[in-house]
Amino acid sequence: MSKTIVVPLQFAPTLVAWQRRHGRHELPWQNTRDPYRVWLSEIMLQQTQVTTVLGYYQRFLERFPAVSDLAAASLDEVLALWAGLGYYSRARNLHACAQAVMTLHGGEFPRSAAGLQTLPGIGRSTAAAVAAFCFGERVAILDGNVKRVLGRLLAFDGDLASSAEEKRLWAFATELLPAEAIESYTQGLMDLGASICSSRSPQCLLCPVADLCAGRIEGEPTRYPVKTRKLKRGRRENWWLWLEREGQVLLQQRPATGVWAGLWSLPLYDDEAALQLDADKLGAKLEVMPRIAHALTHFDWILHTRRADVLIGSVESGPGGVWVARERLADYALPAPLKKLIV
DNA sequence: TTCCAGACTA
DNA sequence: TAGTCTGGAA
């Protein structure tokens, strides 16, 4: 049986006062109640740090100033602009969501968390963030940072790998909400989690709610939140064939599912012999490039690269794909390690 | 080199 | 419940 938790009533007003004085107020997606801008930032900020998002956010807004522009674009263009951010299903859902807003909602985002959550790529926490920031709705967020902040505040010892325990924490998050100033409160949770209440070394001496924090009072705040993980990482090894002819690179589109779904890659082989077979057809003389280590959730990936310049006349017999001029590579969605390799 | 953090979908 | 990408820390 888990211990009894009483939520501290002073948490919300203290956090709100702290956010107003010490929180972030100048991020590009703040100081607006435009749901398009807030939504775009929230999707990009899923699993991605602020510093990484800044440049992408700027480029997206320049190219797609309004949700109608994003909806009218091709998925290929959206993916190309997203390339390097990772978790590409976010880009697919972003595009689908923009189209749903146009076709199902007359070009306006729904004005409630419940309505927002029906859209592709918008889950409970993202819906709540947009509804709180844009419409002042009194509704709780619970992303990874907030789980950490609240887990420590309440010394919540339930295992968040369990959906029942996660549901309990959602209930506490809702119980903690202030009667007003939901915008500052929500931003305060994010700011606290991103700065003082960091994962490994929380700065409790600087924390505005240290007096209220059961995790700190117990003496070991980093014990929380509890999440059992059973991640077993494997290894994979593949070979990339990097062919160039007259300033063009041969690219193949990845399948619609799995790693780098829909992105553009060099021809990828399971072993060196298969690659060599294709290279021989072209009479290509292969150059060995430094191997690349790339980590994904469930495996470490070793990518070997063999590069060759080939003659115009010889390519008919080689691997299929699209020859892309170097200066057009920016139009293609390339995974991060490939971008670093060839651009 | 390995480990970790990070929301949503199917 | 498994799968997904990248950056940064250990």
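Both backbone and side-chain heavy atoms feed into the values below; hydrogens, waters and symmetry mates do not.
- Distance, Q117(A) CD to dC8(B) P: 8 Å, rounded to whole Å.
- Side chains of S265(A) and W240(A): a donor-acceptor N/O pair is present below 3.5 angstrom, by distance only.
- The hydrophobic clustering, which links ILVMFWY residues whose side-chain heavy atoms are closer than 4.5 Å, places V139(A) and V149(A) apart.
- Separating the OH atom of Y87(A) from the P atom of dC8(B) is a distance of 13 Å, rounded to the nearest angstrom.
- The S125(A) side chain lies nearest to dC8(B) when the options are dC8(B), dG6(B), dA5(B).
- Within the structure, every pair that satisfies the side-chain hydrogen bond (donor to acceptor under 3.5 Å, both in side chains) test and touches residues 174-190 of chain A, not counting sequence neighbours, is listed here: R20(A)-S184(A), Q30(A)-Q187(A), R33(A)-E183(A), Q187(A)-D191(A).
- What separates CD of E166(A) from P of dC8(B) is a distance of 10 Å, to the nearest Å.
- The side chain of K340(A) lies closest to dG7(C), out of dG7(C), dA7(B), dG6(B).
- A donor-acceptor distance shorter than 3.5 angstrom exists from the side chain of R90(A) to the backbone of I43(A), with no hydrogens or angles considered.
- Closest-nucleotide positions on DNA chain C for S201(A) and A83(A) were compared, and the one nearer the 5' end corresponds to A83(A).
- Of the candidates dC5(C), dG6(B), dT9(B), dT9(B) carries the atom nearest the N93(A) side chain, counting heavy atoms from C-beta on.
- Applying the side chain to side chain contact (heavy atoms under 4.5 Å, CB included) criterion to A214(A), with sequence neighbours excluded, gives A155(A).
- Between Q47(A) atom CD and dG3(C) atom P the separation is 16 Å, expressed in whole Å.
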Verdict with reasoning, W82(A) to Y56(A), per ring pair (Phe, Tyr, Trp, His ring centres under 6.0 Å): CA-CA 7 Å; W82(A) 192 274; Y56(A) 283 89; 7.3 Å; no

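- Between S89(A) and S162(A), the one whose closest nucleotide on DNA chain C sits nearer the 5' end is S162(A).
- Relative to the side chain of R291(A), the nucleotides dG6(B), dT1(B), dC5(C) differ in distance, and dT1(B) lies closest.
- With rounding to whole Å, H294(A) atom NE2 is found 16 Å from dT1(B) atom P.
- Less than 4.0 Å separates DNA chain C from at least one heavy atom of each of the following residues of residues 249-270 of chain A: G258(A), V259(A), W260(A).
- Applying the salt bridge (Lys or Arg N to Asp or Glu O under 4.0 Å) criterion to R236(A), with sequence neighbours excluded, gives no partner residue.
- A straight line from CH2 of W301(A) to P of dT4(C) spans 10 Å, rounded to a whole angstrom.
- At dA5(B), none of the side-chain N or O atoms of N145(A) fall inside 4.0 Å of OP1 or OP2 (strictly under the cut-off).
- Partners of R21(A) under the salt bridge (Lys or Arg N to Asp or Glu O under 4.0 Å) rule, at least two apart in sequence or in another chain, do not exist in this structure.
- The ring-ring contact (aromatic ring centres under 6.0 Å, His included) pairs that include a residue from residues 140-163 of chain A number zero, where partners must be two or more places apart or lie in different chains.
- Put simply, OH on Y88(A) is 19 Å from P on dT9(B), counting in whole angstrom units.
- Among the heavy atoms of the strands, none lies under 4.0 Å from D300(A).
- Legend: ring-ring contact (aromatic ring centres under 6.0 Å, His included) pairs involving residues 89-128 of chain A, not counting sequence neighbours, sorted by first then second residue: W39(A)-F109(A).
- Among the protein residues, K227(A) comes within range of no part of the nucleic acid, since none of its heavy atoms lies under 4.0 Å from any strand.
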Please report, to 0.1 Å, the donor-acceptor pairs under 3.5 Å made by any side chain of residues 118-136 of chain A, with sequence neighbours excluded.
residue	atom	partner	partner atom	Å
T118(A)	OG1	G115(A)	O	2.7
S125(A)	OG	L142(A)	N	3.0
S125(A)	OG	D143(A)	N	3.4
T126(A)	OG1	Q46(A)	NE2	2.9

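- The side chain of Q46(A) lies closest to dC8(B), out of dC8(B), dT4(C), dA5(B).
- Using a 4.0 Å heavy-atom distance criterion, R92(A) is classed as making no nucleic acid contact.
- The stretch residues 185-196 of chain A has no heavy atom under 4.0 angstrom from DNA chain B at all.
- In this structure, of dT2(B), dC5(C), dA7(B), it is dT2(B) that holds the atom nearest to the side chain of R235(A).
- Of the residues in residues 48-63 of chain A, those lying under 4.0 Å from DNA chain C by heavy-atom distance are Q49(A).
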Please report, to 0.1 Å, the donor-acceptor pairs under 3.5 Å made by any side chain of residues 58-66 of chain A, with sequence neighbours excluded.
residue	atom	partner	partner atom	Å
R63(A)	NE	E77(A)	OE2	2.5
R63(A)	NH2	E77(A)	OE1	3.0
R63(A)	NH2	E77(A)	OE2	3.3

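- When the P atom of dC5(C) is taken as reference, atom CZ of R90(A) falls 10 Å away, rounded to whole Å.
- Among the heavy atoms of the strands lying under 4.0 Å from R200(A) are primed sugar atoms or P, OP1, OP2 only; no base atom is included.
- Each ring-ring contact (aromatic ring centres under 6.0 Å, His included) pair with one or both residues in residues 254-279 of chain A, not counting sequence neighbours, appears once here: W260(A)-H294(A), W260(A)-W301(A), W264(A)-Y332(A).
- With dA7(B), dA5(B), dC5(C) as the candidates, the nucleotide lying closest to the side chain of R148(A) is dA5(B).
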